[in-house]
Amino acid sequence: MRNKFDMQLDKMNKMLMEMGELCEKAIANATKAVADGNLEMAKVVIGEDEEIDQMEKDIERLCLKLLLQQQPVAKDLRQISAALKMITDMERIGDQASDIAEILLSARESKASTLSYLTDMATATSKMVTKSVQAFVEKDLELTRKVILADDKVDELFDKVKEKLITFLATTDNQGERAIDMLMIAKYLERIGDHATNIAEWVEFSITGVHREQKEH
């Protein structure tokens, strides 16, 4: 019985890794779509969001099956509970990558002087997502803490985007709409960083049994 349970837990971990990889791919493709002004790539990102949504449902179904059929002990229960929280954040990451793609499809243009910072933000958030899921599978507490600290870098890059946009608006006429689009893209990337941090905090909970919010009270 326990052997079957362990096999299903292993399946859950593999599915989480796959969902994390889909999120990473969606972030990268959304950013590339903006960088290249590639509307077809933007449509691909929206399709990837649907795939991420389906993965959330599949993992949720497996988690509930484990909870209802196997009656897990405390440590296993924490792992499954954390997985259920993680997939909610990953689903929202997919939504936000899709939102970035939607901005491009609506604007039908992409170039702005903030693009290098947007690319840096996308790279940083993508790594956060990958490492947080990796930390869950490998039960690596140190890696979760690195992910949580990495969010500060994303926030700094977001501030740099805002500064660049202020300069961009001050020196360019009739570009307000484009600047707002770039600011929205940066904001979605900043939120992706927040969701990756949430994932890392739930990984920490799955390992230690204590969530950071509990520590603060």
Side-chain angles (χ1 to χ4, degrees), residues 9 12-31 48-49 52 55-56 59-60 63 74-100 114 116-163 183-217:
L9 272 182
M12 181 188 77
N13 287 342
K14 286 176 180 172
M15 290 173 75
L16 279 167
M17 287 290 284
E18 186 180 341
M19 190 174 181
E21 286 166 5
L22 285 172
C23 289
E24 184 182 6
K25 187 179 172 187
I27 297 165
N29 285 344
T31 310
E48 287 168 344
D49 181 37
I52 291 167
M55 282 293 299
E56 181 196 25
I59 295 170
E60 183 180 49
C63 287
K75 188 177 178 183
D76 296 326
L77 184 60
R78 286 203 310 270
Q79 191 177 359
I80 297 164
S81 299
L84 284 166
K85 296 286 188 179
M86 289 165 63
I87 59 174
T88 299
D89 279 295
M90 283 196 274
E91 188 273 333
R92 287 175 184 164
I93 287 169
D95 287 345
Q96 280 146 9
S98 180
D99 288 336
I100 291 170
T114 57
S116 63
Y117 289 131
L118 291 177
T119 303
D120 291 343
M121 284 184 79
T123 301
T125 55
S126 183
K127 284 181 181 176
M128 287 174 70
V129 174
T130 305
K131 287 179 179 177
S132 60
V133 178
Q134 181 186 343
F136 178 79
V137 173
E138 296 176 3
K139 298 179 176 58
D140 188 333
L141 197 55
E142 186 58 33
L143 192 53
T144 69
R145 288 166 182 165
K146 286 179 181 177
V147 172
I148 292 163
L149 288 172
D151 193 43
D152 290 339
K153 180 185 176 184
V154 174
D155 291 341
E156 286 172 15
L157 287 166
F158 179 63
D159 289 337
K160 287 178 180 177
V161 170
K162 287 194 290 186
E163 288 168 15
L183 182 61
M184 286 302 299
I185 289 169
K187 188 61 185 173
Y188 285 131
L189 288 169
E190 190 257 347
R191 285 178 184 167
I192 288 171
D194 289 342
H195 286 301
T197 301
N198 289 345
I199 293 168
E201 288 177 355
W202 282 112
V203 174
E204 192 176 59
F205 165 78
S206 75
I207 298 167
T208 65
V210 180
H211 194 273
R212 283 189 173 239
E213 284 184 4
Q214 292 174 294
K215 288 182 186 177
E216 291 166 4
H217 287 86

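This is a predicted model, so every value here is computed, not measured.
In plain terms, the two heavy atoms of Ala83 and Leu16 that are nearest each other are CB-CD1, 3.9 Å. Closest heavy-atom contact between Met90 and Met19: CB-CE, 3.7 Å. Leu141 approaches Ile207 most closely through the heavy-atom pair N-CD1, 3.9 Å. For the residue pair Gly20 and Val129, the shortest heavy atom distance occurs at O-CG1, 4.0 Å. For the pair Ile27 and Thr31, the tightest heavy-atom approach, listed with the atom from each and the gap, is O-OG1, 2.8 Å. Taking both residues in full, the closest heavy atoms of Ala200 and Ser132 are given as N-CB, 4.0 Å, listed atom of the first, atom of the second, then distance.
At least one side-chain heavy atom of Gln79 sits under 4.5 Å from a side-chain heavy atom of Asn13. Looking at Lys25 and Glu48, their side chains come closer than 4.5 Å, going by heavy atoms from C-beta outward. Between Thr88 and Leu84 there is no side-chain heavy-atom pair separated by less than 4.5 Å. Contact check for Leu183 versus Phe158: side-chain heavy atoms found under the 4.5 Å cut-off. Contact of the Ile185 side chain with the Tyr188 side chain is not registered, since no non-hydrogen atoms from C-beta on lie closer than 4.5 Å.
Ile93 CD1 to Ile87 CD1: the interatomic distance, rounded to the nearest 0.5 Å, is 12.5 Å. With rounding to the nearest 0.5 Å, the separation of CG in Asp95 from CD1 in Ile100 is 11.5 Å. Atom CD of Glu91 sits about 6.5 Å away from atom CG of Asp49, to the nearest 0.5 Å. Rounding to the nearest 0.5 Å places CD of Gln96 at 9.0 Å from CG of Leu189. For the atom pair OG of Ser116 and CE of Met121, the computed distance is 12.0 Å after rounding to the nearest 0.5 Å. With rounding to the nearest 0.5 Å, the separation of CG in Asp89 from OG1 in Thr197 is 9.5 Å.
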Test salt bridge (Lys or Arg N to Asp or Glu O under 4.0 Å) applied to Glu190 and Lys187, step by step: CA-CA 5 Å; Glu190 190 257 347; Lys187 188 61 185 173; 3.0 Å; yes
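Between Thr144 and the choices Glu204, Glu201, Gln134, Lys139, the side chain to side chain contact (heavy atoms under 4.5 Å, CB included) rule is met once, by Glu204.
With respect to Asp159 and Lys162, a salt bridge is recorded, a charged nitrogen being found less than 4.0 Å from a carboxylate O.
Remark: side-chain polar atoms of Ser206 are paired, donor with acceptor, to backbone N or O of Val203 under 3.5 angstrom. Checked by atom type and distance alone, the side chain of Thr123 pairs as donor or acceptor with a backbone atom of Thr119 at under 3.5 Å.
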